[in-house]
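Please read the structure below before turning to the comments.
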Amino acid sequence: KAASFVDFLSLGICAVALASFAYLQVMPIMDKFTFSSLTDLETRQETYVALEDIASAFEDQGYIVGINLLVVFVRALFLVAPLQQNMGIIFKVVDVAGNNLAAFVAMFLVCQTSFVIMAYFTFGAGFEEMSTPQMAFYRCFSMMTGKPIYDELYKADQIMGPLFYFVYYIFFYLIMVNMFVSILLNAYDVVDFELMNKRGTGKDKEKNSITKITEEFRQDILGRFWRCFGACSGIFSMCLRMF
């Protein structure tokens with residue numbers, strides 16, 4: 001399940017965060033640093049290098065913590081969604097449209113890559129922001145999100161610039177974006193139709209959110225406590241029989 005995958009991902013990131021914290025604690029500079037080492041000509045260079053290393057380690061740890069918090073909030077959505085059917089409709093829509101979305105993403109990446117390669121070789125020499133494949137991809141993607149660069153393309157190549165600009169916008173902005181929206185809308189209609197049928201036939205009658213939370217608490221927390229209590233009492237009674 002997706003929720004289980006998020007759980008394992010969160011645990012893995014937490015382990016990496018703890019390992020990075022332990023690594024910071026065992027770095028020599030954490031115990032040996034003094035401000036006098038920065039004024040000493042013999043130790044100044046070594047101290048600056050050590051401080052740069054620890055600053056880089058702190059930056060990496062910040063990335064890890066940020067990703068972990070993102071995963072935690074995603075996991076919170078998975079936990080909240082079952083409480084009410086309409087709250088989980090986003091996950092259901094993505095699940096229904098999963099195959100079509102995967103095919104669309106594959107097609108989008110192939111088409112986007114072809115346009116990026118064309119832009120790089122055509123405008124890279126005259127347009128600095130397309131002088132590398134990475135920058136060319138960024139500029140092409142920014143065009144699709146509504147940031148036109150017609151003047152820059154025209155200056156780089158007066159013939160291919162306008163042609164590339166209009167073809168790219170027609171293909172991606174008018175066709176591909178609408179295809180993406182249509183896939184999601186089609187999946188939404190399917191999910192909405194299923195929910196309406198369940199409500200109309202009386203199947204899968206939705207419970208109150210408080211009732212669901214109470215049942216989850218009773219089955220999860222109290223159930224585990226009762227099983228642990230039963231196991232401990234069995235061990236305790238077995239020990240009493242030995243005496």
Side-chain angles (χ1 to χ4, degrees), residues 2 5-6 9-10 12-13 16-17 20 23-24 45 48-77 90-91 93-95 97-188:
F5 172 76
V6 174
L9 181 61
S10 181
I13 297 176
V16 174
S20 64
Y23 172 74
L24 290 173
Q45 183 177 0
Y48 271 117
V49 172
L51 289 176
E52 289 180 356
D53 293 339
I54 197 172
S56 178
F58 272 115
E59 184 179 7
D60 295 338
Q61 190 181 42
Y63 295 149
I64 296 171
V65 172
I67 295 174
N68 194 21
L69 290 175
L70 175 63
V71 174
V72 167
F73 278 100
V74 172
R75 177 55 180 155
L77 290 177
I90 296 177
F91 300 111
V93 168
V94 174
D95 183 46
N99 294 332
N100 291 331
L101 284 177
F104 173 83
V105 170
M107 182 180 65
F108 173 81
L109 290 177
V110 171
C111 296
Q112 178 77 353
T113 302
S114 63
F115 273 90
V116 168
I117 294 174
M118 176 184 175
Y120 170 66
F121 283 103
T122 305
F123 309 111
F127 185 23
E128 184 179 358
E129 295 188 7
M130 284 188 172
S131 58
T132 62
Q134 295 83 358
M135 290 300 299
F137 181 88
Y138 167 74
R139 295 304 297 178
C140 289
F141 193 84
S142 64
M143 286 175 59
M144 188 177 59
T145 57
K147 188 176 181 181
I149 52 173
Y150 178 83
D151 295 335
E152 292 83 351
L153 295 178
Y154 184 79
K155 291 179 182 179
D157 193 313
Q158 297 182 359
I159 297 176
M160 292 299 298
L163 180 63
F164 177 88
Y165 179 85
F166 289 111
V167 171
Y168 185 88
Y169 259 99
I170 292 173
F171 185 73
F172 281 95
Y173 196 73
L174 298 180
I175 297 178
M176 298 291 284
V177 172
N178 285 304
M179 285 180 59
F180 177 74
V181 174
S182 299
I183 291 172
L184 294 180
L185 288 177
N186 186 35
Y188 177 82

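Everything numeric in this text was worked out from a predicted model, so none of it was measured.
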Does the plane of the ring in Y169 sit parallel, tilted or perpendicular to the ring in Y165? Use 30° and 60° as the thresholds.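 Judged by the thresholds at 30° and 60°, the geometry between Y169 and Y165 is tilted.
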Do you know which two heavy atoms are closest between [X] and [Y], and how far apart they sit?
X	Y	answer
A97	A187	CB-CB, 3.5 Å
Y138	K147	OH-NZ, 4.4 Å
L101	I183	CD2-CG2, 3.9 Å
Y154	P162	CD1-CG, 3.7 Å
C140	F115	SG-O, 4.4 Å

[Y] side chain reached by [X] side chain, heavy atoms, under 4.5 Å:
X	Y	answer
Y120	F127	no
M130	L153	yes
M179	M107	yes
R139	V116	no
F123	M118	no

Around L109, counting heavy atoms of other residues, nucleotides and ligands shown, do more than 12 lie under 6.0 Å from its CG?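 Count over threshold, so yes.
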Tell me whether the count of non-hydrogen atoms from other residues, nucleotides or ligands lying under 6.0 Å of CZ in F104 goes above 12.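 For F104, atom CZ is crowded (more than 12 foreign heavy atoms under 6.0 Å).
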So T122 and F164, side-chain contact (heavy atoms from CB on, under 4.5 Å) or not? Walk me through it. CA-CA 10 Å; T122 305; F164 177 88; over 6 Å; no
From S182 OG over to N100 CG, what is the distance, rounded to the nearest 0.5 angstrom?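 S182 atom OG to N100 atom CG measures 11.0 Å (nearest 0.5 Å).
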Starting at CG of L184, measure out to CZ of F180 and round the result to the nearest 0.5 Å.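 Those atoms lie 4.5 Å apart.
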Using the rule given for side-chain contact (heavy atoms from CB on, under 4.5 Å), can you reason through F172 versus Q112, listing the C-alpha separation, both sets of side-chain angles and the distance that settles it, and then say yes or no? CA-CA 9 Å; F172 281 95; Q112 178 77 353; 3.5 Å; yes
N178 side-chain N/O to L174 backbone N/O, donor-acceptor pair under 3.5 Å: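 Checking the backbone N and O of L174 against the side chain of N178, a donor-acceptor pair under 3.5 Å is found.
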What's the verdict on side-chain contact (heavy atoms from CB on, under 4.5 Å) for M176 and F171, showing C-alpha distance, side-chain angles and the deciding distance? CA-CA 6 Å; M176 298 291 284; F171 185 73; 4.0 Å; yes
